[in-house]
Amino acid sequence: MPLPRWLARSNRWLANPLLSPAAARLPYFGVLIHRGRSSGRERRTPLNAFPDGDGFVLALTYGEGTEWARNVLSAGACELIHRGRRIRLTSPRLFEGSPPLSIPAPVRTVLRAIGVRTFLRLDRARLDR
């Protein structure tokens, strides 16, 4: 079972604003830029982002019902600030199973331990390749 929803809600207001500046530059982190489905407002969510081939894999540590995941799936695209670069991502698709090998072994171990089995894979937009 993914992490509890109450933790996601508290992170949204407490941890996310504090982590965003560092997450945009650190390896295995990023800041996801997406639009609200109803409001149309730009949202920024710090999260773990793992380069995977010609795209990225994002672990859904709070499950696929998170607002950011629903926004990205609905829009079909988003942007990611990763290691200081802004990257356009497209073709989001959910998959379930073990963490992919593109995720470092210690992180895969933690993800398995907390029960994360759902991931979001995105491709770099053609212009960013």
Peer 1: Would you call Leu111 and Thr61 a side-chain contact if the rule is heavy atoms closer than 4.5 Å?
Peer 2: yes
Peer 1: Give, for atom NE2 of His34 and atom CD of Glu79, the distance between the pair rounded to the nearest 0.5 Å.
Peer 2: 11.5 Å
Peer 1: Please work out whether the ring planes of Phe56 and His82 are parallel, tilted or perpendicular, with thresholds of 30° and 60°.
Peer 2: perpendicular
Peer 1: Can you tell me how far the CG atom of Leu58 sits from the CZ atom of Phe119, to the nearest 0.5 Å?
Peer 2: 10.5 Å
Peer 1: Decide side chain to side chain contact (heavy atoms under 4.5 Å, CB included) for Arg44 and Ile81; before the verdict, give the C-alpha distance in whole Å, the side-chain angles of both, and the deciding distance to 0.1 Å.
Peer 2: CA-CA 10 Å; Arg44 291 174 178 252; Ile81 302 174; 3.5 Å; yes
Peer 1: Quick one: does any side-chain atom of Asn48 pair with a main-chain N or O of Tyr28 as donor and acceptor, under 3.5 Å?
Peer 2: yes
Peer 1: Under 4.5 Å between any side-chain heavy atoms of Leu122 and Val72, yes or no?
Peer 2: yes
Peer 1: Keeping Arg121 on the side-chain end and Val57 on the backbone end, is there a donor-acceptor pair under 3.5 Å?
Peer 2: no
Peer 1: Specify the closest pair of heavy atoms between Ala125 and Thr90, including all atoms of both residues, with the distance to one decimal.
Peer 2: CB-CG2, 4.1 Å
Peer 1: Can you tell me how far apart CG (Leu32) and CG (Leu120) are? Round to the nearest 0.5 Å.
Peer 2: 8.5 Å
Peer 1: Rounded to the nearest 0.5 Å, what separates atom OG1 in Thr66 from atom CG in Leu60?
Peer 2: 5.5 Å
Peer 1: Under the 3.5 angstrom rule, does the side chain of Arg93 hit a backbone N or O of Ser91 as a donor-acceptor pair?
Peer 2: yes
Peer 1: Quick one: closest heavy-atom pair of Glu42 and Arg35, and the distance?
Peer 2: N-NH1, 3.2 Å
Peer 1: Tabulate below the donor-acceptor pairs under 3.5 Å that side-chain atoms of residues 96-106 make, not counting sequence neighbours, or state none.
Peer 2:
{"unit_1": "Ser102", "atom_1": "OG", "unit_2": "Asp52", "atom_2": "OD1", "d": "2.7"}

Peer 1: What pairs with Arg41 under side chain to side chain donor-acceptor pair (under 3.5 Å), at least two apart in sequence or on another chain?
Peer 2: none
Peer 1: Which heavy atom in Pro92 sits nearest to a heavy atom in Gly76, and how many Å separate them?
Peer 2: CD-O, 3.2 Å
Peer 1: Give, for atom CZ of Arg85 and atom CG of Leu80, the distance between the pair rounded to the nearest 0.5 Å.
Peer 2: 10.5 Å
Peer 1: Measuring from atom CZ of Arg43 to atom CD1 of Ile33, what distance do you get when rounded to the nearest 0.5 angstrom?
Peer 2: 13.5 Å
